[in-house]
Amino acid sequence: MTEEKILEKVVDILKPYAKDANALANVSLETNILSGLKVNSARLVDVVLAFEDAFGIEVGDDDADKVETVGDAVRLIQGKLA
Amino acid sequence: MTRRRVVVTGMGVVAPNAIGLSDFDAALRAGRSGLRHVPRLAELGFGCTVAGVPEGADAIAEAYFDADLLMAMNSNHRFGAIAAVDAWKDAGFARPDPADDHVFWEAGAVIGTGVGGLDTAGERLVPMTDAGQVRRLGSTIVEQVMGSGVSARVSGLLALGNQVTTNSSACSTGTEAIIDGANRIRQGLAERMLCGGSEGASHYIWAGFDAMRVLSRRFNDEPERASRPMSASAGGFVPGAGAGVLHLESLESASKRGARVYAELLGGALNCGGHRGGGSMTAPNPESVRRCIAAALADAGVDPGEIDAISGHLTATGADPNEVEAWTAALDRAPGELPPITSTKSMIGHALGAAGAIESVACIQMLRGGYVHPSLNCEDVHPRIEPFAGSIPHELRPMPRLRTIIKASFGFGDVNACVVFRKWTGEPGLGPRSQEDHA
């Protein structure tokens, strides 16, 4: 799966959680999920579960803890799919 | 210290027969039943296959709340939050922007629930935990199963900064919440309190009651006839769901902002029968019921003769005749002199922790409109209630001079709650006028 395709899916998953719709519309790999998109930190758990379901992967707690930006998520998923 | 006066300046309701004040008023006047056959209950072998579930609440929730909130809102949260937001707006306040850091320190909430988020527990928490999938439960379980989840949800939606809590006292919960919130305002600890109750729609909530054989079983084929308070053929209550919320406010605050006032909460009382003298976990001690009603009248400063109408607890179990006799004793009336007595549950079933709150909204609608709503399905009045038959409105009873109404709720645990409301007759636009001259 291309990085572009993964990014598209990741953004789609983040959509219901992002309180800042503007930031989501202008999202880049550098966008911080919590401070940039204003996702409630407790909901990161649900976002990671949604990644697992959408991409058919498993994300351990240590890996999940390292995800801060959209790019971190895309690279993590890319790595799992490789 | 002089006690501060408390008035009702807004309301919200999610009931099985209507959502929103104007449709609820129309439903009450028409005697519209909200009870329907629930196929799932039949599939599961329930003795009672009828329930009162608000229709269209999900569509309203989707219009009111963001997607990420909805993922963490079970039916209890949805009903409670819709009613609370509606009460807030009805009182003249805009919904705050989530990005605005202003907190309403003077406003709080007591929104109770009888059983709580058993749908979340039954559909996700228990099966997933038992299957070893704890990790996959996600972040939204705790806030949906914690007792205070519904009031916590509302505080976030409306930026409430005063006391925010969920009370629980079984079927007296909604009425207790109203009294507790009013007392906080009376004490000067809050200016505005959103008070009421919410109960989700879930067969997990209703199953235990069905097993106790306290639910209606003989009218499954005729859902609208299944809830029969005060009837000789009453055979148990019909479970219901929904929410009612009153926006209670100090008279000072309401006057200062020129708020529209529906009614004054004159007073109320709470007690417990101690599971003695005929009381038990499931039955009320008759003396405690009489004492609770008398204490509410005393707290309200109202003579029993001033009561114009009664909104009973009246669930359609064997306790109805005892209740009617308790009203007669507490109000010191002879048979034939009892004020009109009605049961909202005849239309919507028993919404458990939400019941007293939805029924209090009904009381205030009746005060506003000058009527007593019909009490359905008791054409065959119970023999012990026969002496009071003239007090039961089988159809809409216009009462243009309806001024003071009393509402009681009784719950498992032998707990009682009773509240007295009076119609507000202040001049519109001139602010509330003193009501001290009624005697």
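These numbers come from a predicted model, not from an experiment. Just so it is clear: chains get the letters A, B, ... in the order the sequence lines come, proteins before strands, and each one is counted from 1.
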Task: CG-CG distance between Asn40(A) and Leu69(B), expressed to the nearest 0.5 angstrom - done: 9.0 Å
Task: CA sep, side-chain torsions, deciding dist, call: Glu58(A), Arg135(B), salt bridge (Lys or Arg N to Asp or Glu O under 4.0 Å) - done: CA-CA 11 Å; Glu58(A) 262 191 51; Arg135(B) 203 187 136 265; 5.4 Å; no
Task: Atom pair OG (Ser139(B)) and CG (Leu49(A)), whose distance is rounded to the nearest 0.5 Å - done: 8.5 Å
- [ ] Answer yes or no: does atom CD of Glu43(B) have more than 12 heavy-atom neighbours from other residues, nucleotides or ligands under 6.0 Å?
- [x] yes
Open item on the list: Report which part of Asp20(A) has an atom under 4.5 Å of a heavy atom belonging to chain B: side chain, backbone, both, or neither.
Closed with: neither
Open item on the list: Within the 4.5 Å heavy-atom criterion, are Pro98(B) and Lys19(A) side-chain neighbours or not?
Closed with: no
Open item on the list: Surrounding CD of Glu68(A) (heavy atoms of other residues, nucleotides or ligands, distance under 6.0 Å), is the total greater than 12?
Closed with: no
- [ ] State, yes or no, whether a side-chain contact exists between Arg136(B) and Val45(A) at a heavy-atom distance under 4.5 Å.
- [x] no
Open item on the list: I'd like to know whether CG of Asp101(B) has more than 12 heavy-atom contacts from other residues, nucleotides or ligands below 6.0 angstrom.
Closed with: no
- [ ] Could you tell me the separation between the CG atom of Asp68(B) and the CG atom of Leu14(A), rounded to the nearest 0.5 Å?
- [x] 11.5 Å
